[in-house]
Amino acid sequence: MMKEQVCVTPVIITKAGQVKHFQIKLPKTAKKVIGVEIGGRFLKETKGKEAIAVMAETSLVNNVAIKEEVTLQANASEVRHTPFKRNILIGELKLQSCEEANIFYAGELRIDNNIGYGDFSKQRNWQPQVFTHQMQTFEDVVITNADSTILLGMFKDNIGLQSRTDFNYQVNVYVWHSL
Amino acid sequence: MLKIVKKRYDIQVVDANRSVSKTFELDKNIKRVKGLLVTSDKDDLLYYRGTQKIEINNQEYFPENYESKLLMSGVNVSPNERYYKIDTDNIGNGIIKLSYIDADDGRTGFTTYRVSLYVDCEMEDEL
């Protein structure tokens with residue numbers, strides 16, 4: 001029977017536009033890399049916390065503006081639109097294995113601002129949130145030999161670059177491997 | 001005959017930025033664990049603040065720092081699909097160890113909350 005295991009590698013980002021190179025060490029018993037997942041959280045002492053609030057507020061203001069426009073249109077033509085908010089790209093991850101040429105995984109870490117898009121249960125006083133409406137999260141499937149037991153990773157910050165603020169956050173890279 | 005049962009085990013998080021560990025004993029006639037699900041009475045706190053390690057019979061299924069949001073399922077997921085599928089061998093006298101860590105990320109205010117671990121099991125009718 002094939003057994004799976006996951007190893008978590010935290011990467012701390014502290015500067016705008018920071019590019020961080022890191023290594024992921026797999027156990028010697030690992031046979032193949034079978035999946036990659038990415039997650040993250042802001043650290044409490046984030047310098048850019050105000051910026052997050054500003055970004056959220058800006059999207060809210062835009063949203064309200066769009067909503068008002070939509071209401072006017074809806075009244076006029078009885079057609080309702082759902083406003084679309086831009087998702088925030090936190091950064092980009094790339095992974096390379098010594099067993100393969102070039103990178104074998106490229107992924108993006110994003111904040112989903114559109115979890116309620118097309119959800120008719122939402123109202124003015126209640127909006128679907130990621131923690132109530134998210135679908136199940138699974139790893140992205142990759143199949144790569146894990147003989148060398150070390151993967152090379154690169155994470156590039158985007159949110160700090162866009163807002164010209166130093167954000168302090170932790171990215172977690174989950175590498176699933178078979179034993 | 002094997003019955004499919006869902007078990008729930010709770011821990012209370014009463015202090016911010018602390019870890020809470022608890023060990024739960026499965027019924028003796030539970031032969032197999034097929035899935036796990038993590039929920040809370042305050043979903044937002046679990047989603048933004050929680051990480052956990054889960055061991056079954058001393059075998060680590062999810063390591064430390066595994067984010068709780070990756071084991072949560074929202075209301076958009078069909079009830080039949082909500083559990084994160086795992087498969088244990090014949091486990092008899094199973095013990096589940098849950099080590100939960102609360103860590104503030106600045107987006108939520110702390111208040112006491114409950115973390116529930118739901119376990120999808122196969123149980124034998126009689127011992």
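Numbered from 1 within each chain, the chains take letters A, B, ... in sequence-line order.
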Between B/Arg82, B/Arg49, B/Glu64, which has the largest tally of heavy atom pairs under 4.5 Å with chain A?
B/Arg82
To the nearest 0.5 Å, tell me how far B/Leu98 CG sits from B/Thr23 OG1.
9.0 Å
Distance (rounded to the nearest 0.5 Å) between B/Leu70 CG and A/Glu139 CD
10.0 Å
What pair of heavy atoms forms the shortest contact from [X] to [Y], and how long is it?
{"X": "B/Lys6", "Y": "B/Asp120", "result": "NZ-OD1, 3.1 Å"}
{"X": "A/Asn158", "Y": "A/Leu89", "result": "ND2-O, 3.1 Å"}
{"X": "A/Phe155", "Y": "A/Phe22", "result": "N-CE2, 3.9 Å"}

Heavy-atom distance under 4.5 Å to chain A: side chain of B/Glu81, backbone, both or neither?
both
Heavy-atom proximity to chain B below 4.5 Å, by part of [X]:
{"X": "A/Gln134", "value": "both"}
{"X": "A/Glu37", "value": "side chain"}
{"X": "A/Glu4", "value": "neither"}

Select, from A/Pro128, A/Gly39, A/Pro10, the one with the greatest count of heavy-atom pairs under 4.5 Å involving chain B.
A/Gly39
Out of A/Val130, A/Val8, A/Asn172, which one racks up the most heavy-atom pairs below 4.5 Å with chain B?
A/Val130
Please examine the side chains of B/Leu117 and B/Arg8, heavy atoms only from C-beta on, and report whether any two atoms are closer than 4.5 Å.
no
